[in-house]
Amino acid sequence: MRRTSFDNWPCSIARTVDVLGDGWTLLVLREVYYGESRFDGFISTLGIARNTLADRLRRLEDAGLLRRSAYQKDPVRHEYLLTDKGGDFFGVLAAINAWGDRWQADDGGIPVVMRHTTCDHDTQAQVVCSSCGDPLHHQDVAVRSGPGFPARLLEDPNIRRRLAPDQPTERDTRT
């Protein structure tokens, strides 16, 4: 079955999903953040099929989140290291982890604790406004088309209703 590509959609979420593809990709990235970098290590920690792992590593490398580096010459073996782009993705996984800790943990508690080594405290990710620092909640956020959104799509009344650049926010209509 051929996978639908979201690479050209005018949506950062869709484009990111296109890179990730499935849960295995997120778990491979998780293992890289936890310190694993070698093919056999991923096999051991994840129990993933070799062909599936090879595909996910190739996808992450092609997308620029990981880079391959030889650590052995005979036979040639590679490790997979984060790029700056891959390092920037950590916040996304940390947010997924925080959601999972809140909604998916069993009676035994959360399975993994994140420790912020800079301040030496346990922590959880929070998504906050980059301007005021308040936590972001869906009911407090309005969306509008950005400079990269195709103008032709705004001709569709359903899309224009939701994303029109001149669409007032709820806060604008309350005053």
Side-chain angles (χ1 to χ4, degrees), residues 1-130 135-138 141 143 146 148-150:
M1 177 188 287
R2 203 157 166 236
R3 192 171 74 85
T4 299
S5 175
F6 301 115
D7 185 47
N8 292 318
W9 282 36
C11 173
S12 295
I13 294 171
R15 290 174 181 170
T16 302
V17 167
D18 195 65
V19 169
L20 298 176
D22 66 5
W24 282 121
T25 308
L26 290 172
L27 293 174
V28 168
L29 280 171
R30 179 199 68 187
E31 291 305 311
V32 173
Y33 295 130
Y34 286 1
E36 187 55 68
S37 63
R38 296 182 178 179
F39 194 90
D40 289 338
F42 295 122
I43 297 286
S44 175
T45 59
L46 293 173
I48 185 173
R50 296 179 83 75
N51 62 326
T52 302
L53 176 59
D55 178 68
R56 298 324 181 268
L57 289 169
R58 188 172 24 261
R59 181 181 294 157
L60 289 166
E61 190 177 4
D62 289 348
L65 279 80
L66 296 179
R67 68 178 174 81
R68 233 176 359 158
S69 177
Y71 69 88
Q72 179 178 309
K73 291 188 181 205
D74 191 24
V76 175
R77 294 187 187 267
H78 295 94
E79 61 183 345
Y80 295 85
L81 306 171
L82 288 169
T83 62
D84 289 344
K85 185 177 181 181
D88 270 356
F89 194 77
F90 176 77
V92 176
L93 275 188
I96 291 170
N97 189 74
W99 183 89
D101 286 350
R102 178 172 180 186
W103 296 104
Q104 301 297 109
D106 59 24
D107 292 339
I110 63 174
V112 174
V113 176
M114 290 189 180
R115 186 156 197 85
H116 186 217
T117 57
T118 302
C119 70
D120 200 32
H121 286 91
D122 293 347
T123 190
Q124 283 194 326
Q126 291 186 336
V127 179
V128 299
C129 175
S130 61
L136 289 181
H137 302 287
H138 75 279
V141 175
V143 296
F149 195 86

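Note that the structure is a prediction, hence the values are computed from the model and not measured.
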Next item on the list: For residues A95 and A125, report the shortest heavy-atom separation together with the two atoms involved.
Entry: N-CB, 3.7 Å

Next item on the list: Kindly give the heavy-atom pair with the smallest separation between P10 and P150, and that separation in Å.
Entry: CB-CD, 3.3 Å

Is a side-chain donor or acceptor of [X] paired with a backbone partner of [Y] at a separation under 3.5 angstrom?
X	Y	result
Y33	F90	yes
S44	D40	no
T83	G64	yes
Q72	P75	yes

Inter-residue atom distance [X].[atom1] - [Y].[atom2], 0.5 Å rounding:
X	Y	atom1	atom2	value
R50	F42	CZ	CZ	12.5 Å
R15	F6	CZ	CZ	13.0 Å
W9	T4	CH2	OG1	8.5 Å
R77	R38	CZ	CZ	9.5 Å
L82	F89	CG	CZ	11.5 Å
N8	D18	CG	CG	8.5 Å

Contacts table for residues 51-59: side-chain donor-acceptor under 3.5 angstrom, sequence neighbours left out:
| unit_1 | atom_1 | unit_2 | atom_2 | d |
| --- | --- | --- | --- | --- |
| R56 | NE | D22 | OD1 | 3.1 |
| R56 | NE | D22 | OD2 | 3.1 |
| R56 | NH1 | T52 | O | 3.4 |
| R56 | NH2 | D22 | OD2 | 2.4 |
| R59 | NH1 | L20 | O | 3.3 |

Margin query: Does D84, at its CG atom, have more than 12 non-hydrogen atoms belonging to other residues, nucleotides or ligands within less than 6.0 Å?
Written below: no

Pairwise side-chain contact, [X] with [Y], heavy-atom cut-off 4.5 Å (strictly under):
X	Y	value
L66	L81	no
L46	W24	yes
Y34	E31	yes
I48	I43	yes
N97	D101	yes
Y80	R67	no

Would you mind writing out the side-chain donor-acceptor pairs for residues 104-116 within the sub-3.5 Å range, not counting sequence neighbours?
| unit_1 | atom_1 | unit_2 | atom_2 | d |
| --- | --- | --- | --- | --- |
| D106 | OD1 | G108 | N | 2.9 |
| R115 | NE | D120 | OD1 | 3.0 |
| R115 | NH1 | D122 | OD1 | 2.4 |
| R115 | NH2 | D120 | O | 2.6 |

